[in-house]
Engineer: 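Below is one structure. I have some questions about it.
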Amino acid sequence: MTEVTTPAKAYVLTNISKSIELTSAEQLKLTQFLNLLATCNITAQVSCSLPEKLALAQYPLIFIDFASIINVNAIPENLVKLTLKHKVVLFNCSAGVLDEKSALMAGIRGMFYHADRADIILKGFGALLDDERWFKRETMNIALGELLTHLDTTQGNIDYTDNNQTVCPSLTKREKTIIGLVSSGAQNKEIASQLHISPNTVKTHIYSIFRKTSSRNRVELLSWSKQFQVVN
């Protein structure tokens with residue numbers, strides 16, 4: 001029996017209602033983007049403005065047309081607030097205009113560019129649906145490096161010599177392997193492929209690792225593993 005997947009819901013903020021201001025190329029690009037969302041079983045509500053909070057709450061994914069951002073040098077504060085409850089993603093971005101690292105640090109979950117091929121966009125959608133971020137690996141490595149440096153500084157006075165179960169929990173060999181792969185920058189699908197397990201199994205292991213290490217996200221897990229030098 002074919003498994004029926006519940007469609008994901010997304011809100012797409014764009015200039016579509018101001019079609020007179022869109023060139024034919026821009027209209028085509030937007031149409032292609034919406035078609036790719038549909039291909040990934042993502043139901044999109046398209047508008048040129050955001051609805052009230054209660055109405056927006058039903059959309060875990062919010063895609064924002066880069067052209068709708070007035071100040072391209074910074075992410076507007078109201079969009080940063082949206083990242084607290086939604087996966088906010090920018091699309092139709094122009095290369096080199098907005099710093100990816102700044103967007104990542106502001107809580108943006110991903111960026112898609114004008115020049116991105118359809119297969120790249122589809123791969124990005126898959127990552128977002130798997131609760132991952134979609135940025136260039138170089139951007140992720142730079143941001144993680146800076147965060148870890150900051151954590152090294154702020155946590156320098158913490159005593160890690162206490163080997164009780166709360167500070168240094170018992171990890172299975174598979175969990176240690178996954179921590180090593182996460183530290184190398186591998187995403188869930190890459191880990192699943194390398195270990196010959198399903199992405200859902202990877203998620204289960206990672207949730208267990210987060211619980212055991214009291215980590216809220218991958219950055220904190222990387223800091224933890226760096227302190228304890230976790231190896232297979």
Side-chain angles (χ1 to χ4, degrees), residues 3-19 21-22 26-72 74-94 97-98 100 102-114 116 118-136 139-140 143 187-189 199-200 202-203 206-207 210 216-219:
E3 182 180 354
V4 178
T5 303
T6 303
K9 300 180 92 174
Y11 199 91
V12 180
L13 181 66
T14 183
N15 295 327
I16 192 168
S17 66
K18 302 176 183 178
S19 58
E21 299 178 8
L22 295 179
E26 289 172 334
Q27 290 175 340
L28 177 60
K29 196 71 176 178
L30 175 59
T31 299
Q32 291 174 337
F33 192 83
L34 295 175
N35 287 340
L36 290 173
L37 284 175
T39 298
C40 290
N41 204 24
I42 300 175
T43 302
Q45 173 65 46
V46 185
S47 178
C48 64
S49 61
L50 290 174
E52 296 296 326
K53 288 184 179 180
L54 288 178
L56 191 60
Q58 63 180 301
Y59 301 99
L61 276 166
I62 300 179
F63 290 93
I64 299 177
D65 192 335
F66 186 77
S68 66
I69 298 178
I70 298 174
N71 181 5
V72 297
I75 306 297
E77 184 178 351
N78 62 329
L79 296 189
V80 174
K81 289 181 180 178
L82 283 176
T83 65
L84 298 176
K85 295 185 177 180
H86 307 271
K87 299 176 187 177
V88 179
V89 182
L90 303 181
F91 71 98
N92 279 343
C93 296
S94 301
V97 175
L98 180 66
E100 273 203 2
S102 298
L104 172 61
M105 301 299 281
I108 301 299
R109 297 298 293 253
M111 292 176 63
F112 294 95
Y113 291 88
H114 282 299
D116 284 346
D119 60 313
I120 297 298
I121 295 175
L122 289 173
K123 185 176 180 180
F125 289 166
L128 293 169
L129 291 173
D130 283 339
D131 203 25
E132 298 175 0
R133 286 170 172 75
W134 186 251
F135 290 95
K136 297 173 184 174
T139 300
M140 298 288 285
Q187 298 298 317
N188 288 2
K189 285 187 177 180
N200 283 336
V202 174
K203 283 185 180 180
I206 289 180
Y207 290 149
F210 283 171
R216 293 171 297 179
N217 50 52
R218 292 189 179 215
V219 173

Engineer: For a quick test of reading the model, state the closest non-hydrogen atom pair linking Asp65 to Phe91 and the distance between them.
Structural biologist: N-CE2, 3.2 Å
Engineer: Atom OG1 in Thr39, atom CG in Leu122: separation rounded to 0.5 Å?
Structural biologist: 6.0 Å
Engineer: Under the rule for side chain to side chain contact (heavy atoms under 4.5 Å, CB included), what residues qualify as partners of Lys123, not counting sequence neighbours?
Structural biologist: Trp134
Engineer: How many angstroms lie between atom NE2 of His114 and atom SG of Cys93, to the nearest 0.5 angstrom?
Structural biologist: 7.5 Å
Engineer: Can you tell me how far the CE atom of Met111 sits from the CD atom of Glu100, to the nearest 0.5 Å?
Structural biologist: 5.0 Å
Engineer: Hey, are Asp116 and Lys29 close enough for a salt bridge, meaning a charged N less than 4.0 Å from a carboxylate O?
Structural biologist: no
Engineer: Could you tell me which non-hydrogen atom of Ile108 sits nearest to which non-hydrogen atom of Val89, and how far apart they are?
Structural biologist: CG2-CA, 4.4 Å
Engineer: Should Asp131 and Lys87 count as an ion pair when the cut-off is N to O under 4.0 Å?
Structural biologist: yes
Engineer: Measure across Lys189 and Glu132 and return the closest heavy-atom pair with its distance rounded to 0.1 Å.
Structural biologist: N-OE2, 3.8 Å
Engineer: Are Leu34 and Val12 close enough that some pair of their side-chain heavy atoms sits under 4.5 Å apart?
Structural biologist: yes
Engineer: For Ala10, is there any backbone N or O sitting under 3.5 Å from a side-chain donor or acceptor partner on Gln45?
Structural biologist: no
Engineer: Where do Asn92 and Phe66 come nearest, in terms of heavy atoms and distance?
Structural biologist: O-CB, 3.3 Å
Engineer: Look up atom OH in Tyr113 and atom CD1 in Ile120, then write down how far apart they are to the nearest 0.5 Å.
Structural biologist: 13.0 Å
Engineer: Tell me whether the centres of the aromatic rings in Tyr59 and Tyr11 are closer together than 6.0 Å.
Structural biologist: yes
Engineer: Taking the side chain as every heavy atom from C-beta outward, state whether Lys203 and Asn188 have any pair of such atoms under 4.5 Å apart.
Structural biologist: yes
Engineer: Taking His86 for the side chain and Leu61 for the main chain, is one N or O donor matched with an acceptor at less than 3.5 Å?
Structural biologist: no
Engineer: Between Phe125 and Phe33, is the ring centroid distance below 6.0 Å?
Structural biologist: yes
Engineer: Is it true that atom CG of Leu84 has more than 12 heavy atoms of other residues, nucleotides or ligands lying nearer than 6.0 Å?
Structural biologist: yes
Engineer: When you compare the side chains of Lys9 and Gln58, does any donor N or O come within less than 3.5 Å of an acceptor on the partner?
Structural biologist: yes
Engineer: Please evaluate residues Thr83 and Arg109 with respect to the criterion side chain to side chain contact (heavy atoms under 4.5 Å, CB included), reporting the C-alpha separation (whole Å), side-chain torsions for both, the decisive distance (0.1 Å), and the verdict.
Structural biologist: CA-CA 8 Å; Thr83 65; Arg109 297 298 293 253; over 6 Å; no
Engineer: So which atom in Cys40 and which in Leu129 form the shortest heavy-atom distance, rounded to 0.1 Å?
Structural biologist: O-CD1, 4.0 Å
Engineer: Could you state the interatomic distance from CG (Leu82) to CD1 (Ile64), rounded to the nearest 0.5 Å?
Structural biologist: 6.0 Å
